[in-house]
A.B. asks: 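Handing you a structure now.
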2 protein chains.
Amino acid sequence: MVSGISTRKRSNAVSRSERKDLTRANLLQAALTLMGEGRSFTSLALREIAREAGVAPTAFYRHFRNTDELGLALVEEVGITLRRLLREARKMDVAPRDMLRRSVSVYQDYVKLNRLQFVFISSERSGGSRILRLAIRNDVTHFTHEMAQDFRLRGLYANLPTSSLQMVCSMIVMTMLAAATDILDLPPHQPLLEAEMSENFVRQLKIILFGATRWDEDLAALSAKPGRKDEG
Amino acid sequence: MVSGISTRKRSNAVSRSERKDLTRANLLQAALTLMGEGRSFTSLALREIAREAGVAPTAFYRHFRNTDELGLALVEEVGITLRRLLREARKMDVAPRDMLRRSVSVYQDYVKLNRLQFVFISSERSGGSRILRLAIRNDVTHFTHEMAQDFRLRGLYANLPTSSLQMVCSMIVMTMLAAATDILDLPPHQPLLEAEMSENFVRQLKIILFGATRWDEDLAALSAKPGRKDEG
DNA sequence: ACACATTGTGTATGACTGTTCACTGAAAAG
DNA sequence: CTTTTCAGTGAACAGTCATACACAATGTGT
């Protein structure tokens, strides 16, 4: 029963498990599509998803116990997407002149390419089902940690203590997610608006990175000669 | 019909419009309560809201055309809450030593005091109904602008150009909203966790403020002697 | 005192929901 | 070839939904 390759039918026709995986993917895609039309995940009905996937409502149960379980499967897909993004970022040169700007550009393209998945992240990260929210936040936290690790490995901001680096990365991720919402809401074919958005995005990241280094410097100065005021 | 005070019944009993306002408030509160139990707004049913408010489903129509309209009324309430927060912040001394820390503390208390409204903001700012999302973003933008104006009036970061100040404020607001989610998810009676969260919050704001000033300095230096690298 | 306006109720209706069950047909296994 | 497995079907169920309508109760204006 559980044999990798069929015994008597190595034909070109699709195998049963392949068909199953296909309708499963159709169900996931159907949910994403419906959310892309401005629906929240918790408001999606099982029958509705099945209908969009072109399948009888009862077929849903062959793949997921309920809609929440489908949601978790979606989160898993999202996790893969985020890991791919990191891998893509890792392929970039270490420190060319406009690395930040190029990173932003890569990210924007990535969001537009995986539009529906980012719609899903943005919508459900702070809303609706509790288990979904927690699962997404878990993925995002993981992403943040991996980013910090990449910074370390590449010697970026090597003078920052780990806790500061973690914080910087979490702020970067926060900014990225906020930017994703903007990218998704952007009307298509508006290069001017898009350029302005990119510019803002780059600025925000610069502020964070500059602030982090300077804050660290001030901390060092503070421990050297205490009593200095640290705000204003 | 539209007279401020009843002509013949100035008694202690509640007037008709008072009753109406009360059930209206009950409906709004009911929606917030249901969302506080982890539901997304778009998944709330009219009948459900009416039931929670202790009123017949059909009574709903005396106050709102549909649930979306109730959502917009909630957004209006939220707008008032945000304006109250700004007013409260304005009452603080101009520049005591630990102004930032105190602002954070005030904000945390405010979020906890208006918990359900912040749950609503956090959930619906990026999810579900399009018109609701836009309405909330509008309120948040307004809040950001008012904050920038307050900074100007108090002479804070007076050296920053307006565009930078706007950006700093939008980053502050972004951080505040992210912090709100953390505050809301915080299990009660965990002073250690809460203190750590506050500390992180303060750090993040410092990074933004430091980064903004330094970025501005670097911009000035850049225009003075161009050719300086601006990243690393 | 009387007529009107308005808030809230109860019932009804047709559509949609999640879930069950017995089933079909074809791939997989023997 | 025969048998088994199993993804997908279609009918049926009880429940909830939004909405419409006639109606009741009561504050309000004349």
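Just so we're on the same page: letters track the sequence lines, and every chain starts at 1. Side-chain atoms are counted along with the backbone in the values below, which use heavy atoms only and exclude waters and symmetry mates.
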A.B. asks: Taking protein heavy atoms under 4.0 Å as touching, what does nucleotides 8-20 of chain C look like 5' to 3' if B marks base contact, S marks sugar-phosphate-only contact and - marks none?
C.D. replies: BBB------BBBB
A.B. asks: Can you give each donor-acceptor pair under 3.5 Å made by side-chain atoms of residues 60-67 of chain A, sequence neighbours left out, with the distance rounded to 0.1 Å?
C.D. replies:
residue  : atom : partner  : partner atom : Å
His63(A) : NE2  : Thr23(A) : OG1          : 3.0
Asn66(A) : OD1  : Asp68(A) : N            : 3.2
Asn66(A) : OD1  : Glu69(A) : N            : 3.0

A.B. asks: Taking only residues two or more places apart in sequence, or in another chain, which ones meet Asp150(A) in a side-chain hydrogen bond (donor to acceptor under 3.5 Å, both in side chains)?
C.D. replies: Arg90(A)
A.B. asks: Is Arg137(B) close to Asp182(A) at the side-chain level, that is, under 4.5 Å between some pair of heavy atoms?
C.D. replies: yes
A.B. asks: Would you find a donor on one side and an acceptor on the other, under 3.5 Å apart, between the side chain of Tyr107(A) and the backbone of Leu85(A)?
C.D. replies: no
A.B. asks: May I have the distance from Leu22(A) (atom CG) to dA7(D) (atom C1'), rounded to whole angstrom?
C.D. replies: 12 Å
A.B. asks: So, the side chain of Glu124(A) versus the backbone of Phe41(A): is there a donor-acceptor pair under 3.5 Å, distance only?
C.D. replies: yes
A.B. asks: Output the rounded distance in Å from CD (Glu18(A)) to P (dG8(D)).
C.D. replies: 13 Å
A.B. asks: Atom CG of Asp21(B) and atom P of dG27(D): how far apart are they, to the nearest Å?
C.D. replies: 16 Å
